[in-house]
J.: 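Just dropping this structure here.
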Amino acid sequence: MPKFLKAGKVVLILQGRYAGKKAVIVRNHDDGTNDRKYPHAVVAGVAKSPLRVTKRMGARRVAKRSRVKPFLKSVNYNHIMPTRYNFEGDLKTLVTSEALADPAKRVESRKGLKKFFEERYQTGKNKWFFTKLRF
């Protein structure tokens with residue numbers, strides 16, 4: 001069977017705190033690791049999507065409503081659902097394997113993700129990724 005859970009694939013988180021949120025696979029571990037024996041993936045996702053913006057709004061209000069709150073998590077394959085979408089962009093440079101273990105590095109990675117995601121949102125790339133799921 002071909003492997004389809006690869007870096008750059010957009011997935012939906014099914015369980016836990018971020019259930020129903022969209023995320024991108026940054027790094028996948030099909031055979032597990034020493035500390036996590038099960039197949040899992042490191043994902044970076046959108047915890048809080050940007051709000052709707054209209055033409056009438058001022059620049060300051062648009063900037064405030066265009067904020068993205070990211071999250072970083074290691075998730076079991078059983079708790080993610082792949083979509084048909086892919087996310088272009090190299091997230092491996094922003095998220096390292098040590099970033100999940102050390103809280104200070106995790107905060108730095110999250111700040112980098114926030115900047116990256118907001119830049120992608122401003123340019124209009126990957127529009128579907130930044131819309132809130134309605135269900």
Side-chain angles (χ1 to χ4, degrees):
M1 191 169 151
K3 303 286 182 192
F4 55 90
L5 290 173
K6 295 179 183 161
K9 178 67 86 174
V10 177
V11 295
L12 300 177
I13 307 294
L14 300 176
Q15 297 288 322
R17 180 179 180 182
Y18 299 109
K21 303 294 182 183
K22 296 174 195 165
V24 180
I25 295 178
V26 177
R27 193 171 281 112
N28 58 328
H29 303 282
D30 293 329
D31 302 323
T33 57
N34 289 337
D35 56 333
R36 294 175 190 266
K37 306 287 187 206
Y38 49 87
H40 62 282
V42 176
V43 296
V46 178
K48 190 173 179 192
S49 305
L51 299 170
R52 188 177 300 261
V53 174
T54 62
K55 256 191 272 187
R56 293 175 13 154
M57 294 179 188
R60 213 168 106 206
R61 190 166 182 198
V62 168
K64 192 168 186 173
R65 292 175 75 90
S66 297
R67 291 185 187 158
V68 176
K69 184 180 177 189
F71 69 88
L72 196 59
K73 195 172 175 66
S74 183
V75 185
N76 190 330
Y77 277 178
N78 295 334
H79 304 309
I80 57 178
M81 183 175 79
T83 64
R84 64 180 177 167
Y85 298 98
N86 288 317
F87 194 89
E88 309 89 34
D90 191 27
L91 293 171
K92 283 188 179 182
T93 56
L94 295 170
V95 181
T96 60
S97 55
E98 302 90 43
L100 289 172
D102 185 33
K105 289 181 182 175
R106 190 183 196 119
V107 169
E108 289 302 314
S109 292
R110 218 176 299 127
K111 284 180 185 174
L113 278 173
K114 180 180 173 75
K115 196 173 188 180
F116 181 77
F117 282 157
E118 284 179 357
E119 188 179 294
R120 298 295 282 197
Y121 176 71
Q122 297 293 340
T123 56
K125 295 179 179 171
N126 305 101
K127 268 192 162 165
W128 180 81
F129 185 73
F130 297 108
T131 58
K132 189 176 180 183
L133 267 182
R134 302 287 179 184
F135 62 93

J.: Has N28 got a side-chain atom pairing as donor or acceptor with D30's backbone, closer than 3.5 angstrom?
T.: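 No.
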
J.: With R17 as the cation and F71 as the aromatic partner, state whether NZ or CZ is under 6.0 Å from the six-membered ring centre and within 45° of the axis.
T.: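 Judged by the rule (NZ or CZ under 6.0 Å from the ring centre, within 45° of its axis), R17 is not positioned above F71.
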
J.: Tell me the closest heavy-atom pair linking T83 and V10, and the distance in Å.
T.: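 Between these two residues, the closest heavy atoms are OG1-O, 2.6 Å.
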
J.: Atom CD1 in I80, atom CD1 in I25: separation rounded to 0.5 Å?
T.: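 CD1 of I25 is found 4.5 Å from CD1 of I80.
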
J.: Counting neighbours of NZ on K9 that are heavy atoms of other residues, nucleotides or ligands and sit closer than 6.0 Å, is the number greater than 12?
T.: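 Enclosed.
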
J.: Kindly give the heavy-atom pair with the smallest separation between V26 and K92, and that separation in Å.
T.: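 Reported closest heavy-atom pair: O-CE, 3.4 Å.
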
J.: From F87 CZ over to K125 NZ, what is the distance, rounded to the nearest 0.5 angstrom?
T.: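 Interatomic distance, F87 CZ to K125 NZ, rounded to 0.5 Å: 10.0 Å.
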
J.: Measure the NZ-CD distance between K115 and E119 for me, rounded to the nearest 0.5 Å.
T.: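 Nearest 0.5 Å value for the NZ-CD distance: 8.0 Å.
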
J.: Identify which one of W128, F116, F129, F130 satisfies the ring pair (Phe, Tyr, Trp, His ring centres under 6.0 Å) criterion when paired with Y121.
T.: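 Only one of W128, F116, F129, F130 forms a ring pair (Phe, Tyr, Trp, His ring centres under 6.0 Å) with Y121, namely F130.
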
J.: Grab the two heavy atoms, one from A44 and one from L72, that are nearest each other, plus how far apart they are.
T.: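 Heavy atoms only, the tightest pair is CB-CD1, 4.1 Å.
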
J.: For residues S66 and V53, report the shortest heavy-atom separation together with the two atoms involved.
T.: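 Where S66 meets V53 most closely, the heavy atoms are OG-CG2, 4.1 Å.
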
J.: Would the distance check show the side chain of R120 and the main-chain N or O of E88 forming a donor-acceptor pair, the cut-off being under 3.5 Å?
T.: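 Answer holds: yes.
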
J.: Closer than 3.5 angstrom, by distance alone: can the side chain of K21 be matched with the main-chain N or O of A47 as a donor-acceptor pair?
T.: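 Answer holds: yes.
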
J.: Over all heavy atoms of both residues, which pair between P70 and V68 is shortest? Give the atoms and the distance, please.
T.: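 Shortest heavy-atom contact: CD-O, 3.4 Å.
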
J.: Starting at CD1 of I13, measure out to CG of L133 and round the result to the nearest 0.5 Å.
T.: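 Nearest 0.5 Å value for the CD1-CG distance: 11.0 Å.
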
J.: Within a strict 4.5 Å, meaning less than it, do heavy atoms of the H40 and T33 side chains meet?
T.: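 They are in contact (side-chain heavy atoms under 4.5 Å apart), so the answer is yes.
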
J.: Where do E118 and K114 land on the salt bridge (charged side-chain N to carboxylate O under 4.0 Å, His left out) test, with the steps shown first?
T.: CA-CA 6 Å; E118 284 179 357; K114 180 180 173 75; 3.2 Å; yes

J.: What are the two closest heavy atoms between F117 and G45, and how far apart are they?
T.: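 Taking F117 first and G45 second, the nearest heavy atoms are CE1-O, 3.7 Å.
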
J.: Considering residues, nucleotides and ligands other than D31, do more than 12 of their heavy atoms fall under 6.0 Å from its CG?
T.: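 No, not enclosed.
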
J.: NE2/H29 to OH/Y38 distance, rounded to the nearest 0.5 angstrom?
T.: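 Taking NE2 in H29 and OH in Y38, the distance rounds to 10.5 Å.
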
J.: Taking the side chain from R65 and the backbone from R52, do they hold a donor-acceptor pair closer than 3.5 Å?
T.: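 Confirmed, R65 side chain pairs with R52 backbone.
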
J.: Taking the side chain as everything from C-beta on, heavy atoms only, tell me whether L12 gets closer than 4.5 Å to K22.
T.: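 Yes, close enough: below the 4.5 Å cut-off.
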
J.: Hey, is the main chain of L100 close enough, under 3.5 Å, to the side chain of R106 for a donor-acceptor pair?
T.: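 Yes; judged by distance alone, with no hydrogens or angles, the pair exists.
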
J.: Taking the side chain as every heavy atom from C-beta outward, state whether L94 and S109 have any pair of such atoms under 4.5 Å apart.
T.: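 No, every pair of side-chain atoms sits at 4.5 Å or beyond.
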
